[in-house]
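Here the structure comes first, spelled out in structure tokens, and everything after it is commentary.
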Amino acid sequence: MENTPGPRAGRKEWTALGVLMLPLALVSMDVSVLYFAIPSISQDLEPSATQQLWILDMYGFVLAGLLIPMGAFGDRIGRRRLVLMGAVLFGAASAAAAYAHTAELLIAVRALLGLGGAALMPSTLGLIRNLFLDDRQRGKAVTLWTAVMTTGISLGPVVSGLLLEHFWWGAVFLINVPAMALLLVLVPFLVPEYKSAKRERVDLLSAVLSLGAVLLVIYGVKEWARNGYEPLPALAIGVGLVLGIVFVRRQKRLAHPMVDLGLLGRRAFGGPVLANLLAMFATVGMAVFLTQYLQSVLELSPFDAALWTLVPSAGVAVAAPAGAALAQRVDRAYVMGGSFLLSACGFLWIAQVRTDSALWFVLAGASLYAGGLVAAMTLANELALGAAPPERAGSAAAVLQSGQELGGALGMAILGSIGAAAYSRDMAGALPPGVPQAAAARETLGGATAAATRLPNGTADAVLTAARGAFTHGMSIAGVGAAVVMAGAGLLSFTWLRGAGRTSRPTAQSADPRPTTLAR
């Protein structure tokens, strides 16, 4: 039986949501904002190859590793307070990053940015659980949250490219400072404070175990995807899994655990976490191919490629609200399942792309799968958030987002490996004898492009033609793999989540956040 709808939010709550979208957009953008800035940073700071990778990855690693501890911390000290603390740290770290004069300092400051981002992200989603008690309004708010998060990641390279045309690389960080200052002014007036009424201590050992588990697993998976099997990434994954097991066992023994394992075992929460993981698996895994295809096969400039990747946002703008509206009339499990199947069709479309395909054909397929994925993720977020008790909304949001980070890393590793294997197989006998850097050319499209610059025109054209064909074939096989995973996610939604929104929500008493509210 459905719960009685909660009181409807008014102008103040919707304005508060708009304010909370500002840090969410900036935190999402910082995942990808350095894609264009790295050449300028490399010229100025002269980092080693390893340091350059850490400049790119440190933010995402720390963000992913600290989401769960920060979500639980916000539930205990107050989510609004954590947003303000995160804004101070994020703004200060952004200013420091802009004027970093060594690679080591920039890496350290990127870690602080990850800490600030981890304080901001779960709090913004957790506050939605308290601001919007009406199911329909909360669904719309979560739709907006999901759209802003995914769009922010896509906007990062575009904003970076625009700023670098007129300013130095530090400008990509400085844009965060006035936004965080505005947040510090508006949040105390517009966003009410919520925290658990229970006096629960933050278990520091659980926080360390959670950080170590997530950080090591995601680091190992990304390194495996980047360089293939090596002992160190494999060891990192193994140690991370062991720490994760210890973390879970400790949560079972604690009176006030950081992660509510009982909630995670409920299909209205655990199902959406898995659905989000699978959605990000396909999203990130295919984004790597799509970006390289636009730049290295269609030969678009990096900035033009970044602009064109915004086109799939049109599919998101249509599919996400339509899915949310349809879920008000039929079981959201069917809408989620249909959205995953729509994304599977989009990936199968991408599997038909060839080296001479028109740009519109590529973008149409990308719009199809992006629209389906974001619609499914929106409904998954809304279902999970509605199932979480208000006093646990921050930690619940953090678990959701940690699953997304892990799914993205797995997608990059597994789909990337599938595409790389197909590329290497196709290139094994495709190169003429005497090609310099032939081994690198057989491994990656970038290696083949570099090798072609040292060859006569005719031979260079033959090498590039073979490499682009092999890469596109690898992308097609990865697209089929993503489609299979999305079909499985659709089947999961149809079978496991059917009726979950009606039977697994908190009771009306537990759904009211007012007993745990500090100030309204």
Whether [X] side chain and [Y] backbone form a donor-acceptor pair below 3.5 Å:
X      : Y      : value
Ser296 : Tyr293 : no
Arg332 : Leu383 : no
Ser357 : Arg354 : yes
Asn381 : Met377 : yes
Tyr59  : Val27  : yes
Ser476 : Ala351 : yes

Could you tell me if the side chain of [Y] sits less than 4.5 Å from the side chain of [X], heavy atoms only?
X      : Y      : answer
Leu379 : Val335 : yes
Val297 : Gln292 : no
Met180 : Pro23  : yes
Ser367 : Val311 : yes
Met486 : Leu341 : no
Ile237 : Leu216 : no

I need the minimum non-hydrogen distance between [X] and [Y], along with the two atoms involved.
X      : Y      : value
Thr124 : Leu20  : CG2-O, 3.7 Å
Phe340 : Ala275 : CZ-O, 3.7 Å
Ala380 : Met336 : CB-CE, 3.9 Å
Pro122 : Gly117 : CD-O, 4.5 Å
Thr378 : Val142 : O-CG1, 3.5 Å
Ile477 : Ala422 : CD1-CB, 3.6 Å

Does the pair Val362 and Trp308 meet the rule for a side-chain contact (heavy atoms from CB on, under 4.5 Å), with working shown? CA-CA 10 Å; Val362 181; Trp308 281 114; over 6 Å; no

Can you list the steps and then say if Met70 with Leu115 is a side-chain contact (heavy atoms from CB on, under 4.5 Å)? CA-CA 9 Å; Met70 283 297 170; Leu115 175 59; 3.2 Å; yes

To the nearest 0.5 angstrom, please state how far the [atom1] atom of [X] sits from the [atom2] atom of [Y].
X      : Y      : atom1 : atom2 : value
Leu410 : Leu277 : CG    : CG    : 6.0 Å
Thr355 : Arg468 : OG1   : CZ    : 9.0 Å
Asn176 : Leu113 : CG    : CG    : 7.0 Å
Leu120 : Leu82  : CG    : CG    : 7.5 Å
Phe289 : Leu294 : CZ    : CG    : 13.5 Å
Ile107 : Ile55  : CD1   : CD1   : 5.0 Å

Intermediate values then yes/no, ring-ring contact (aromatic ring centres under 6.0 Å, His included), Tyr423 and Phe471: CA-CA 5 Å; Tyr423 175 89; Phe471 175 83; 7.1 Å; no

Is the number of heavy atoms from other residues, nucleotides or ligands under 6.0 Å of Met58 CE greater than 12?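 Result for CE/Met58: enclosed.
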
Kindly check if the number of other-residue, nucleotide or ligand heavy atoms within 6.0 Å of CZ (Phe361) is above 12?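 More than 12 within 6.0 Å, yes.
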
Intermediate values then yes/no, salt bridge (Lys or Arg N to Asp or Glu O under 4.0 Å), Glu382 and Lys140: CA-CA 9 Å; Glu382 194 275 329; Lys140 293 178 181 178; over 6 Å; no

For the pair Tyr99 and Trp168, name the ring-plane relationship: parallel under 30°, tilted 30 to 60°, perpendicular over 60°.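 Tyr99 and Trp168: tilted rings.
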
Candidate pair Trp169 and Asp44, rule side-chain hydrogen bond (donor to acceptor under 3.5 Å, both in side chains), full reasoning: CA-CA 9 Å; Trp169 59 264; Asp44 192 11; 3.0 Å; yes

Go through the steps to decide whether Phe347 and Val480 satisfy the test side-chain contact (heavy atoms from CB on, under 4.5 Å), and finish with yes or no. CA-CA 7 Å; Phe347 287 117; Val480 173; over 6 Å; no

So Leu183 and Val83, side-chain contact (heavy atoms from CB on, under 4.5 Å) or not? Walk me through it. CA-CA 9 Å; Leu183 195 68; Val83 165; 4.2 Å; yes

